[in-house]
Amino acid sequence: MAAVRISSRSGLPSLLLYLGIGIALGQDGIFDVKFDNAELTQVIGYAALVVILAEGGLGAKWKEVKPVLPAAAVVSTVGVGISVGITASAAHYLVGLDWRQALIIGAVVSSTDAAAVFSVLRRVPLPPRITGVLEAESGFNDAPVVILVVAFSAAGPVEHWYVLVAEIALELAIGAAIGIAVGWLGSLGLRHVALPASGLYPIAVMAIAVSAYAAGAMAHGSGFLAVYLAAMILGNSKLPHWPATRGFADGLGWLAQIGMFVLLGLLVTPHDLVDDFWPAIVVGLVLTMVARPLSVFLSLAPFRMPAREKVLMSWAGLRGAVPIILATIPMVSGVQGSTRIFNIVFVLVIVYTLIQGPTLPWVANKLNIADDPAEADDLGIESAPLERLRGHLLSVDIPAKSKMHGVEVGELRLPAGAAVTLVVREGTSFVPSPATVLRRGDELLVVATDPVRDRAEERLRAVGEGGKLAGWLGTGSPVANAPGMVGPHGGSAIPQAMKLAKKLGGAGAGAPGNGSSSGSGSGTKTSP
C-alpha cells in the first residue's frame, strides 16, 4: 500500500516501484534470489495480463470509446505497423541487431500500457475523446503485437508480409466475434438471473471475462482482444451490484500487476544490463521521438483531431508490463540473442517511463488540454435484482457536479412502475414527497418493476446530465408528459411500483399527495 501511495504522489507509475522490489529481492539484490525461469514468468505474465485487460475493459466507458472507436482501431493496427517498422530499422542500423532481433524489439515495444498511462493521467482530467483513444488503443494493440512477436520468434523464416497481415486480421476477427458474443451472453444472464449472494456477481463477471480469453485462444483467435471486448460489454451493461464488481476487479488488477512486476524484477540480472544500456537508450529515443509520433499522426490523419491532441497522445505512449512480458517470448522460443532483447526492453521501459511518466501532466498543461470542469458527473447507480418480486432496487448516488442537484422528486418524471422510495442525506434517511428537492451527495433508493427498469435508469442518467429539462433540450430521454411518465409532483399513478415498495417496507413512498416526512428536507421545497 505504501508503494501505491508513493506512486500516486510522485507521478511515477507503480510499475517502477514493484519492479524495484523484484530487483532488490533477486540476483545482485539484497537477498540474492536466483530466478531464471522465463517460461514460468511468461505463463504468469499472460495470466496477469488477462486480468489487467479484463479490469481495463470493465472500466472503459462506452460513451467515451464509441465516438473514437475507428481512430483507436487504426492507431492500434496501422499505427503499430508504422511503429514496428521504424523502431526495427533503428535497432538494425543504429544498434547492429540482425533483422529478426530488430523486428522482435520493434514489435515488443509498440504496445502501450493502460495501467502505466492512467496512473499518471488520473491527476490531469482530459477530454473524453483523448482518454477514449488512449484507453481503447491500450486494450486493442496488445492483440496484434502478441501475434507479431510470436510470428517473429517462431523457428524458420518469417512469412511474407501479406500472409502475416492476413493472419493477424483473421485472428483479430475471431477474437472480436467471440469476445462480443461471450460478453453479450454473459451480461444477458447476469441481468436476468438473481444469484444467491451479491458477492457472487464480481466473481461471475471475472469468470465470464476469462472464459472469453479461453474461448478465443481455443478458436485460434486473439484471446486478449476477446477478453477486453467481453469485459467492455459487461462493464457497460448496467449489471447488478456494479460498484462492488468494479472494486473487486480493480483489486484483482492491482494484485496481478504487483505479482507480475515483482516476478519480472526477479528475472532480470542487473549487472547484465550495463552493456545494453546505451543500445536501449538509442532504440527508446527513436521510438519516443520518431516512431510513436509518426504512428499517431499518420494513422490519425483521416480523423479531424487537433495537432496538440496528437502531440499529447504521442507523448502518452507509456510502456509498462506488457513489453517486458512479451520480451520473454523469444527467450522461451530459444531465439538467438533473446537475453539481450529482454535486457534492452527492460532498460528502455524503465528509463523512458521515468522520463515520460512525471512529465505527462506537465505536457498536458502546456498544451492547454484539460477536461471541461463544468461537465456533469455521471451518476453512480447500483442495481440489485429482486427475482421473486419481479423488480429491481436502484441505489443512486448524486455526485458533486450532477445536474440532478436542485431537482424535485416529482420533476424526475420516472416512468410508471418506478418510484423514489427513500432518500439518505447526511446520514439521515427519510421518505421523500414529490416536492422534496434533491441535493448533491444524496443517495436515492428507487424501486422499479422489470419492464421499466432500463427506462428508469436511462431517465435518471438523463436528468443527471441535463437537469430537469432533459428531453426538452435535446438531451436524455423524451419527457414531455409522454404516456406512462410521472408528471411534476407525482401527476401519474404508479401502482406497480407502489405494490413493490409495500412488499419492501416502503409503502406509499413517493405517492401522489404523500406529504409525510421522516427526516430533514422531506415534504418541503428547499433552495438548490
Side-chain angles (χ1 to χ4, degrees), residues 46-77 80 111 114 132 135-147 150 165-195 200-242 245-246 248-249 252-253 256 322 383 385 387 450 453-454 457-458:
Y46 270 31
L49 184 55
V50 169
V51 174
I52 293 171
L53 285 174
E55 189 271 332
L58 290 173
K61 296 181 180 179
W62 177 242
K63 67 177 183 180
E64 295 181 1
V65 174
K66 182 181 178 180
V68 297
L69 190 59
V74 174
V75 173
S76 57
T77 51
V80 163
S111 177
E135 187 170 358
E137 179 203 5
S138 63
F140 292 159
N141 65 14
D142 291 339
V145 165
V146 170
I147 297 171
V150 171
V165 170
E167 289 181 354
I168 292 175
L170 179 61
E171 291 193 27
L172 292 179
I174 294 173
I178 291 177
I180 292 172
V182 172
W184 183 79
L185 292 174
S187 64
L188 185 66
L190 290 176
R191 282 167 56 84
H192 292 85
V193 176
L195 298 179
L200 294 176
Y201 283 91
I203 298 174
V205 168
M206 293 302 296
I208 292 170
V210 173
S211 298
Y213 170 81
M218 291 178 63
H220 301 288
S222 173
F224 293 116
L225 182 59
V227 67
Y228 186 78
L229 289 177
M232 183 186 293
I233 293 174
L234 290 168
N236 290 273
S237 296
K238 304 173 185 176
L239 298 180
H241 305 290
W242 178 243
T245 300
R246 188 71 188 93
F248 178 78
L252 279 185
V322 177
S383 173
E387 190 173 30
D450 279 343
R453 186 262 189 197
D454 289 342
E457 182 170 344
E458 179 185 354

On a heavy-atom basis, which atom in [X] and which in [Y] lie closest, and how many Å separate them?
{"X": "Ala231", "Y": "Ala54", "value": "CB-O, 3.3 Å"}
{"X": "Leu190", "Y": "Ala204", "value": "CD2-CB, 3.9 Å"}
{"X": "Ala60", "Y": "Asn236", "value": "O-ND2, 2.9 Å"}
{"X": "Val65", "Y": "Ala136", "value": "CG1-CB, 4.1 Å"}
{"X": "Leu53", "Y": "Ser138", "value": "CD2-O, 4.5 Å"}
{"X": "Ala249", "Y": "Leu58", "value": "CB-CD1, 3.6 Å"}

_Looking at Pro240, is its backbone amide N or carbonyl O close enough to the side chain of Tyr201 to form a donor-acceptor pair, meaning the two atoms are under 3.5 Å apart?_
no

*State whether the side chain of Asn141 and the backbone N or O of Ser111 hold a donor-acceptor pair below 3.5 Å, judged by distance alone.*
no

As an exercise, state the distance from [atom1] of [X] to [atom2] of [Y], rounded to the nearest 0.5 Å.
{"X": "Leu172", "Y": "Phe140", "atom1": "CG", "atom2": "CZ", "result": "10.5 Å"}
{"X": "Ser222", "Y": "Ile147", "atom1": "OG", "atom2": "CD1", "result": "5.0 Å"}
{"X": "Glu137", "Y": "Asp142", "atom1": "CD", "atom2": "CG", "result": "10.0 Å"}
{"X": "Met232", "Y": "Lys61", "atom1": "CE", "atom2": "NZ", "result": "13.5 Å"}
{"X": "Ile203", "Y": "Ile208", "atom1": "CD1", "atom2": "CD1", "result": "12.0 Å"}
{"X": "Glu64", "Y": "Leu69", "atom1": "CD", "atom2": "CG", "result": "13.5 Å"}

*Partners of Ser187 by side chain to side chain contact (heavy atoms under 4.5 Å, CB included), sequence neighbours excluded?*
Ile233, Leu234, Ser237, Leu239

*Would you mind checking if Asp450 and Arg191 are paired as a salt bridge, meaning a charged N to carboxylate O distance below 4.0 Å?*
no

_Give me each pair satisfying salt bridge (charged side-chain N to carboxylate O under 4.0 Å, His left out) with a member in residues 46-58, each pair once, sequence neighbours excluded._
Glu55-Arg246

*Can you check whether Leu170 reaches His220 side chain to side chain, under 4.5 Å on heavy atoms?*
no

*May I ask you to decide if the ring planes of Tyr213 and Phe224 are parallel, tilted or perpendicular, using 30° and 60° as cut-offs?*
tilted

